[in-house]
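Right, one structure below, let's go through it.
FYI, the numbering just counts along the sequence from 1. Only heavy atoms go into these numbers, but all of them, side chains included; no hydrogens, no water, no symmetry mates.
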Amino acid sequence: SDVCSSDLKRFQTGEHLYDKGQYEDALTEFRAAKQSSGRPEFDYNIGMCLAKLNRHSEAADALEHVRLVELGPGRGTMMLDMLRAARVNG
């Protein structure tokens, strides 16, 4: 499925909430974006929120499908770039 501007907005909102420690609200945004777009790339963000909420079994399930790892600073920037590319190329 294509990624639309509302999915990008939800991703950015989710990142902002995550950075503020509002993991439940961030989780809601990431899950909504995934449901709307059907894109599995959101599983990483969903898994990280679940881990922060000490819901480790659910986090492991979400992260099981993650194949992409970004090392170093800039958490989430690779995801945002991928979503933008998907929108442009979709």
Side-chain angles (χ1 to χ4, degrees):
S1 296
D2 292 334
V3 177
C4 66
S5 61
S6 63
D7 298 329
L8 290 172
K9 176 71 173 155
R10 284 192 176 277
F11 175 78
Q12 291 169 329
T13 300
E15 269 205 322
H16 178 72
L17 291 166
Y18 184 95
D19 289 343
K20 290 173 55 178
Q22 297 176 353
Y23 305 119
E24 194 69 51
D25 293 333
L27 178 62
T28 298
E29 294 296 321
F30 293 136
R31 282 186 165 161
K34 180 180 179 183
Q35 183 172 352
S36 171
S37 70
R39 310 249 341 151
E41 291 91 336
F42 290 105
D43 287 334
Y44 170 79
N45 304 89
I46 291 167
M48 296 307 292
C49 288
L50 290 166
K52 290 287 190 179
L53 293 166
N54 293 317
R55 294 163 58 181
H56 300 295
S57 178
E58 292 174 81
D61 289 344
L63 294 171
E64 181 179 331
H65 301 100
V66 174
R67 300 282 186 255
L68 179 66
V69 177
E70 180 178 9
L71 301 176
R75 179 197 58 73
T77 57
M78 184 181 292
M79 176 67 69
L80 188 54
D81 289 345
M82 288 172 51
L83 291 172
R84 285 185 181 138
R87 182 171 181 225
V88 169
N89 296 325

If only atom types and distance count, is the side chain of D7 paired as donor or acceptor with the main-chain N or O of C4 below 3.5 Å? yes

Spacing of CG belonging to N45 relative to CZ belonging to R10, to within rounding of 0.5 Å: 14.0 Å

What pairs with H56 under side-chain hydrogen bond (donor to acceptor under 3.5 Å, both in side chains), at least two apart in sequence or on another chain? N54

Got a second to check how far Q22's CD is from T28's OG1, nearest 0.5 Å? 11.0 Å

Residues forming a side-chain contact (heavy atoms from CB on, under 4.5 Å) with A26, sequence neighbours excluded: L17, Y18, F30, C49

Taken to the nearest 0.5 Å, the spacing of D43 CG from K34 NZ works out to 3.5 Å

With sequence neighbours left out, what residues match E58 under side-chain hydrogen bond (donor to acceptor under 3.5 Å, both in side chains)? R55

Between T13 (side chain only) and K9 (backbone N and O only), is there a donor and an acceptor less than 3.5 Å apart? yes

Which atoms form the tightest heavy-atom contact between A51 and A59, and what is the distance? N-CB, 3.6 Å

